[in-house]
Amino acid sequence: GKSLQFRFDFFFRVFMDMLWYVQYLLFFDVLYGQSGTIGGWDRHQGYVFTGALFVLDAMQMTFFSNNMWQLPDAVNKGDIDYHLLRPVSSLFMLTCRDFAVNSALNLLMAIGVLLHALLTYPHPLPALNVLVFVPFLLLGLFIHLFLGILFLLPVFWIHSGSGLRDLLWTMDPANARPAGIWKGWARRMLTTVLPFAIIVSFPVRVLFEGPQPEILLHMLAVAACLGVTVAFLWRRGLRAYSSASS
């Protein structure tokens, strides 16, 4: 019974992710059918962006998502006590302890989509651009992780993770659109204060335009600020947690 249930859940999750990939590709295909460019990128560039988005999303789902789902409950039920006694960072253990096998399969499919997009790209991409694209995308992954944690940490004080998680889901689609579509105050906010727009778009810009110091410094500054903020709020949250349980 349990093994059958596990297999069903495994293949259902894989199927749902495949369905998301297909509908997203169709969505962009419809958009490019109405306009030659989206956010300054043509259809081929949009396909590469979509492949990069799939890879980043699959990495997030494989390594972090299950843990993020469990974090609010772990705080509310007192399950983080065990991790507080360990000699490693409790936040690290709580965000990296679970590995999603089904999403690892989807990660392979996402890498396949990205490789196909790169191989069918009609213009030569310098090897240096491709080489530095990978660490930039990993940096985007950690920015996404820090943002996700930031929206969950108020659980220490409000004892509910659902409301802020819903707010995160409202903002998160901004990383699934090329940053060039945003203008004015929305662009400034989505590249600095709530930098969802840089997570995939900036690494893909590096792929097309080459490694630019301003992009690297921007992403490093954002990641550092978010990391410091998360660490500070985590320590403050643990103080509130200890007071409530004492």
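All of these numbers come straight from a predicted model, not from anything done at the bench.
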Trainee: For Asp98 and Asn67, indicate whether the former's side chain and the latter's backbone hold a donor-acceptor pair under 3.5 Å.
Mentor: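 Pair absent, no side-chain N/O of Asp98 close to backbone of Asn67.
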
Trainee: Does one hydrophobic cluster hold both Val48 and Ile38, with members joined at side-chain heavy-atom distances below 4.5 Å?
Mentor: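 Hydrophobic grouping puts Val48 with Ile38.
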
Trainee: Given side chains that start at C-beta, do those of Leu238 and Ser90 come closer than 4.5 Å, heavy atoms only?
Mentor: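 SC-SC contact between Leu238 and Ser90 confirmed.
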
Trainee: For residues 129-154, tabulate all N or O donor-acceptor pairs below 3.5 Å that involve a side-chain atom, not counting sequence neighbours.
Mentor:
| unit_1 | atom_1 | unit_2 | atom_2 | d |
| --- | --- | --- | --- | --- |
| Asn129 | ND2 | Leu207 | O | 3.1 |
| His144 | ND1 | Gln60 | OE1 | 3.4 |
| His144 | NE2 | Asp172 | OD1 | 2.7 |

Trainee: For a side chain to side chain contact (heavy atoms under 4.5 Å, CB included) check, start with the C-alpha distance between Val113 and Tyr47, then their side-chain angles and the critical distance, and finish with the verdict.
Mentor: CA-CA 9 Å; Val113 172; Tyr47 184 30; 4.0 Å; yes

Trainee: With a cut-off of 6.0 Å (strictly less than), are more than 12 heavy atoms of other residues, nucleotides or ligands near CZ of Arg236?
Mentor: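 Atom CZ in Arg236 is not packed in, count stays at 12 or less.
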
Trainee: Hey, can you pull the donor-acceptor pairs under 3.5 Å for the side chains in residues 177-189, sequence neighbours left out?
Mentor:
| unit_1 | atom_1 | unit_2 | atom_2 | d |
| --- | --- | --- | --- | --- |
| Arg177 | NH1 | Tyr24 | OH | 3.4 |
| Lys183 | NZ | Gly180 | O | 3.1 |
| Arg187 | NH1 | Ala179 | O | 2.8 |

Trainee: Are Val22 and Leu115 connected, step by step, through hydrophobic side chains (Ile, Leu, Val, Met, Phe, Trp, Tyr) whose heavy atoms are closer than 4.5 Å?
Mentor: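 The answer is no; the residues belong to distinct hydrophobic clusters.
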
Trainee: Before you tell me yes or no, could you show the steps for Leu233 and Thr229 under side chain to side chain contact (heavy atoms under 4.5 Å, CB included), namely the whole-Å CA-CA distance, both residues' side-chain angles and the distance that decides it to 0.1 Å?
Mentor: CA-CA 6 Å; Leu233 290 177; Thr229 302; 4.0 Å; yes

Trainee: May I have the step-by-step check of side chain to side chain donor-acceptor pair (under 3.5 Å) for Tyr241 and Asn76, ending in yes or no?
Mentor: CA-CA 9 Å; Tyr241 174 81; Asn76 287 329; over 6 Å; no

Trainee: Same hydrophobic cluster for Leu167 and Ile158, using side-chain heavy-atom links shorter than 4.5 Å among ILVMFWY?
Mentor: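 Per the 4.5 Å side-chain linkage, Leu167 and Ile158 are co-clustered.
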
Trainee: Not counting sequence neighbours, which residues clear ring pair (Phe, Tyr, Trp, His ring centres under 6.0 Å) with Phe208? List them please.
Mentor: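 Testing Phe208 for ring pair (Phe, Tyr, Trp, His ring centres under 6.0 Å), a comparison that skips the adjacent residues, returns Trp41, Tyr121.
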
Trainee: Check the side chains of Ser89 and Trp234 for a donor-acceptor pair under 3.5 angstrom, ignoring hydrogens and angles.
Mentor: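 Per modelled atom types, Trp234 and Ser89 side chains form no pair under 3.5 Å.
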
Trainee: Report yes or no: do Met61 and Phe99 belong to one cluster of Ile/Leu/Val/Met/Phe/Trp/Tyr joined by side chain heavy-atom distances under 4.5 Å?
Mentor: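 As far as the 4.5 Å side-chain criterion goes, Phe99 and Met61 are not connected within one cluster.
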
Trainee: What pair of heavy atoms forms the shortest contact from Trp157 to Ala240, and how long is it?
Mentor: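 Residues Trp157 and Ala240, closest heavy atoms: NE1-CB, 3.7 Å.
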
Trainee: Indicate the atoms forming the closest heavy-atom contact of Val222 with Thr191, along with that distance.
Mentor: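 For Val222 versus Thr191, the nearest heavy atoms are CG2-O, 4.0 Å.
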
Trainee: Same cluster or not: Phe196 versus Val193, using hydrophobic residues (I, L, V, M, F, W, Y) connected whenever any side-chain heavy atoms lie under 4.5 Å apart?
Mentor: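 Yes; Val193 is reachable from Phe196 via cluster members.
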
Trainee: Mind listing the closest non-hydrogen atom pair of Leu114 and Ala52 along with its distance?
Mentor: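 Minimum heavy-atom contact is CD1-N, 3.6 Å.
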
Trainee: Mind telling me whether Phe49 and Phe28 have parallel, tilted or perpendicular rings, with 30° and 60° as the class edges?
Mentor: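 Tilted, since the angle between the ring planes falls between 30° and 60°.
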
